[in-house]
Structures are given as C-alpha cells and as structure tokens.
Novice: 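Sending over a structure as structure tokens; questions will come in a sec.
This one's a predicted model, so the numbers in the text were calculated from it and none came from an experiment. By convention in this document, chain letters (A, B, ...) are assigned in the order of the sequence lines, proteins followed by strands, and residues within each chain are numbered from 1.
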Number of protein chains: 2
Amino acid sequence: MRRDIFQAIADPTRRAIITLIALQAMTPNAIAENFNTTRQSVSKHLRILTECELVKPEQQGREIYYSLEIEKMKEIDKWLNQFRKIWETRFNQLDNVLSTIKKQKK
Amino acid sequence: MRRDIFQAIADPTRRAIITLIALQAMTPNAIAENFNTTRQSVSKHLRILTECELVKPEQQGREIYYSLEIEKMKEIDKWLNQFRKIWETRFNQLDNVLSTIKKQKK
DNA sequence: TATATGTGCAACTATTTGGTTTCGCAAATT
DNA sequence: AATTTGCGAAACCAAATAGTTGCACATATA
C-alpha cells in the first residue's frame with residue numbers, strides 16, 4: 001500500500017478536492033456536493049489524501065472539516081526543481097543555437 | 001484511456017525514467033539496465049510517457065532514443081502555481097492569526 | 001428517549017495497471 | 001544468406017483501484 005503524493009494527485013477527482021479545500025476547510029458532504037459523486041466516494045479519496053498527509057481532518061462536533069496541508073504540496077515543487085535547472089540552461093542553449101544560425105547566415 | 005501527466009508521474013519507475021533521460025536521450029535497453037526490470041516493462045512505461053507527450057522517441061538505425069520533453073514538465077509547475085500563491089500569502093495570514101490571538105488574550 | 005444527521009469502514013464489483021511471456025519485424029553483423 | 005540484436009505489440013495474470021451499497025457509531029435535535 002504505497003501512498004505517496006504523486007499517486008495521490010494522479011486522480012482528477014482528488015486534484016479537484018485539493019483545489020476545492022485549498023482556500024477553506026470543508027466537510028465530506030460539502031465536498032461531495034461539488035462533484036457528481038457520492039459522499040462515500042469522496043470519503044475514500046479523503047482517506048487516501050489523509051494517509052499521505054496532504055490533507056488534515058479536524059473534528060468539530062459531529063462534522064469533520066478537511067483542510068489542505070499546503071506544506072506537503074511543496075514536495076512536488078521540490079521534485080520539479082531538478083528539471084527547473086534544465087529549463088533554465090535550455091534557454092542558454094537556445095541562445096547558442098540562435099547565434100550559430102546567425103553565424104551561418106553570414 | 002485518459003493519459004495525463006499526473007497519472008504518468010504517479011508511478012515511481014516512470015519518475016525514475018524521467019530523471020534518467022532528463023539529461024540525455026537513452027534507448028529502452030539502456031534504461032532497463034538501470035532498474036531491476038525487463039526491457040518490455042520499460043517499453044510499456046515509455047509508451048505511456050510517449051502517449052502523454054512527456055517523452056519523445058527518435059529512431060536511429062535500429063535503436064530508438066527517448067528524450068524528455070522538458071516543456072511538458074512545466075504543466076505540472078503551472079498546476080502548482082495556484083497553491084504557490086497560497087503558500088506565499090500564508091505568511092501574511094499567520095501574522096493575522098498571531099495578532100488575533102494576542103487580542104483575545106487581552 | 002427517540003429520531004435525524006454526519007461520518008468512517010467493510011464487503012463487493014468492474015476496471016485499470018504493472019509485469020511477464022511470446023511473437024514478429026527491421027536493422028546490423030557474420 | 002543466415003544469425004544476432006533492438007524493438008513494439010498482443011495475450012495473459014495478479015494486484016491495485018474507484019465506486020457502490022450497507023452498516024455501525026457518535027453527535028445533534030425533537
């Protein structure tokens with residue numbers, strides 16, 4: 001049962017849930033109302049999101065509010081970093097190509 | 001058969017492949033040698049990566065070199081942008097919370 | 001106390017997925 | 001021309017997954 005963030009965000013419904021609760025915590029019922037799905041289905045997704053600590057439940061009376069652990073999202077950003085370096089140097093390479101073309105035209 | 005980037009990077013082997021070929025194109029056999037898996041398995045992963053245009057094949061004689069489409073990786077970055085705004089303003093909100101607590105204590 | 005509401009969890013089903021095996025094709029090597 | 005090598009595709013299997021249904025439990029409300 002490997003539960004990592006990348007697997008968590010693979011599902012479009014889960015990505016939608018994440019976006020939905022990013023700004024304010026919501027209950028499973030409230031979340032389900034925003035999609036064409038049942039509360040139980042949302043509940044399952046929330047469980048997966050909770051397991052990999054992307055989401056945090058908070059009991060309030062008989063309701064449970066789920067909020068996004070924004071810090072955890074940074075892990076994806078961190079993984080992207082290795083490629084960000086490449087994007088940036090890719091620009092320089094593009095510069096080289098452009099100047100080479102310029103030279104050839106002469 | 002929806003193939004999107006998020007589903008593509010959900011698999012740890014595929015993430016490893018992406019990292020591996022990020023700097024230089026490689027053949028399926030060469031990639032497979034880096035993991036505990038068969039060429040056919042890698043081939044399947046490459047197919048998925050190709051389908052969602054994260055990877056580009058280039059035939060060279062009887063070999064096929066696969067390289068990363070770094071531009072496509074930016075789409076993940078783009079999706080993260082909506083949360084980046086939050087984790088930046090979160091600092092300000094933290095300030096607000098702290099001052100609210102201060103008030104209540106009075 | 002009786003009832004309604006919000007929730008998680010377990011069981012079940014249909015679908016998807018990762019991996020293996022086998023095959024056929026095309027390019028290289030002998 | 002015969003053989004080896006690199007490859008993708010199809011068939012198959014075991015495991016995982018998304019969604020549904022039904023249930024039990026706790027908190028609210030009458």
Novice: Provide, to the nearest angstrom, the distance between the CG atom belonging to Asp4(B) and the P atom belonging to dT17(C).
Specialist: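 Result: 10 Å.
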Novice: If the cut-off is 4.0 Å, is Thr13(A) near the phosphate of dA18(D), judged by side-chain N/O to OP1 or OP2?
Specialist: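 For dA18(D), OP1/OP2 do not have a side-chain N/O of Thr13(A) under 4.0 Å.
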Novice: On DNA chain D, nearest-nucleotide positions of Arg62(B) versus Gln60(A): which is more 5'?
Specialist: Arg62(B)
Novice: What is the distance, rounded to the nearest whole Å, between atom CD1 of Ile17(B) and atom P of dG19(C)?
Specialist: 9 Å
Novice: Starting from C1' on dA18(D), measure out to CD1 on Ile9(A) and report it in whole angstrom.
Specialist: 18 Å
Novice: Around Glu58(B), counting heavy atoms of other residues, nucleotides and ligands shown, do more than 12 lie under 6.0 Å from its CD?
Specialist: no
Novice: Starting from C1' on dG8(D), measure out to CG on Leu49(B) and report it in whole angstrom.
Specialist: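 Spelled out: CG on Leu49(B) to C1' on dG8(D) is 15 Å.
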Novice: Does the side chain of Gln7(A) get closer than 4.0 angstrom to OP1 or OP2 of dT17(D) through an N or O atom?
Specialist: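 For Gln7(A), the contact criterion (side-chain N or O under 4.0 Å from OP1 or OP2 of dT17(D)) is met.
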Novice: Using a heavy-atom distance cut-off of less than 4.0 Å, which residues of residues 28-42 of chain B contact DNA chain D?
Specialist: Pro28(B), Asn29(B), Arg39(B), Gln40(B)
Novice: dG19(C) base to Lys44(B) side chain: any donor-acceptor pair below 3.5 Å?
Specialist: yes
Novice: Nearest to the side chain of Asp11(A), heavy atoms from C-beta on, is which of dG8(C), dA18(D), dG18(C)?
Specialist: dA18(D)
Novice: Should Lys56(B) and Thr50(B) be marked as a side chain to side chain contact (heavy atoms under 4.5 Å, CB included) after you check the CA-CA gap, both sets of side-chain angles, and the distance that decides it?
Specialist: CA-CA 6 Å; Lys56(B) 192 184 57 187; Thr50(B) 307; over 6 Å; no
Novice: Can you check the Tyr65(B) OH to dA27(C) C1' distance for me, whole Å?
Specialist: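 Rounded to the whole Å, the gap is 14 Å.
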Novice: Distance-only check: which donor-acceptor pairs under 3.5 Å involve side-chain atoms of residues 18-33 of chain B, not counting sequence neighbours?
Specialist:
{"residue": "Thr19(B)", "atom": "OG1", "partner": "Arg15(B)", "partner atom": "O", "Å": "3.1"}
{"residue": "Thr27(B)", "atom": "OG1", "partner": "Ala30(B)", "partner atom": "N", "Å": "3.3"}

Novice: Quick one: Ile64(A) CD1 to dT5(C) C1', roughly how many Å, whole number?
Specialist: 13 Å
Novice: In terms of side-chain heavy atoms of His45(A), which of dT17(C), dG19(D), dT7(C) is nearest?
Specialist: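 Selected nucleotide (nearest to the side chain): dG19(D).
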Novice: With a non-hydrogen cut-off below 4.0 angstrom, is Ile48(A) in contact with a base, only sugar-phosphate, or nothing?
Specialist: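 Sugar-phosphate only.
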Novice: Check for a donor-acceptor pair, side chain of Gln59(A) on one end and backbone N or O of Gly61(A) on the other, with a separation under 3.5 Å.
Specialist: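 It does hold such a pair.
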Novice: With a 4.0 Å cut-off on N to O distance, would you call Lys85(B) and Glu88(B) a salt bridge?
Specialist: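 Glu88(B) and Lys85(B): not salt-bridged.
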Novice: How long is the line joining CD of Glu51(A) and P of dA18(D), in whole Å?
Specialist: 11 Å
Novice: Do Asp11(A) and Lys44(A) pass the salt bridge (charged side-chain N to carboxylate O under 4.0 Å, His left out) test, and can you show the C-alpha distance, the side-chain angles, and the key distance before you say yes or no?
Specialist: CA-CA 12 Å; Asp11(A) 186 89; Lys44(A) 266 184 124 179; over 6 Å; no
Novice: Between side-chain atoms of residues 35-42 of chain A and protein atoms elsewhere (two or more places apart, or another chain), which donor-acceptor pairs fall under 3.5 Å?
Specialist:
{"residue": "Thr37(A)", "atom": "OG1", "partner": "Ser41(A)", "partner atom": "OG", "Å": "3.0"}
{"residue": "Thr38(A)", "atom": "OG1", "partner": "Ser41(A)", "partner atom": "N", "Å": "3.2"}

Novice: Can you tell me which nucleotide in dG19(D), dG6(C), dG18(C) comes closest to the side chain of Glu63(A)?
Specialist: dG6(C)
Novice: When you get a sec, tell me which of dC7(D), dG18(C), dG8(C) is the closest nucleotide to the side chain of Ser43(A)?
Specialist: dG8(C)
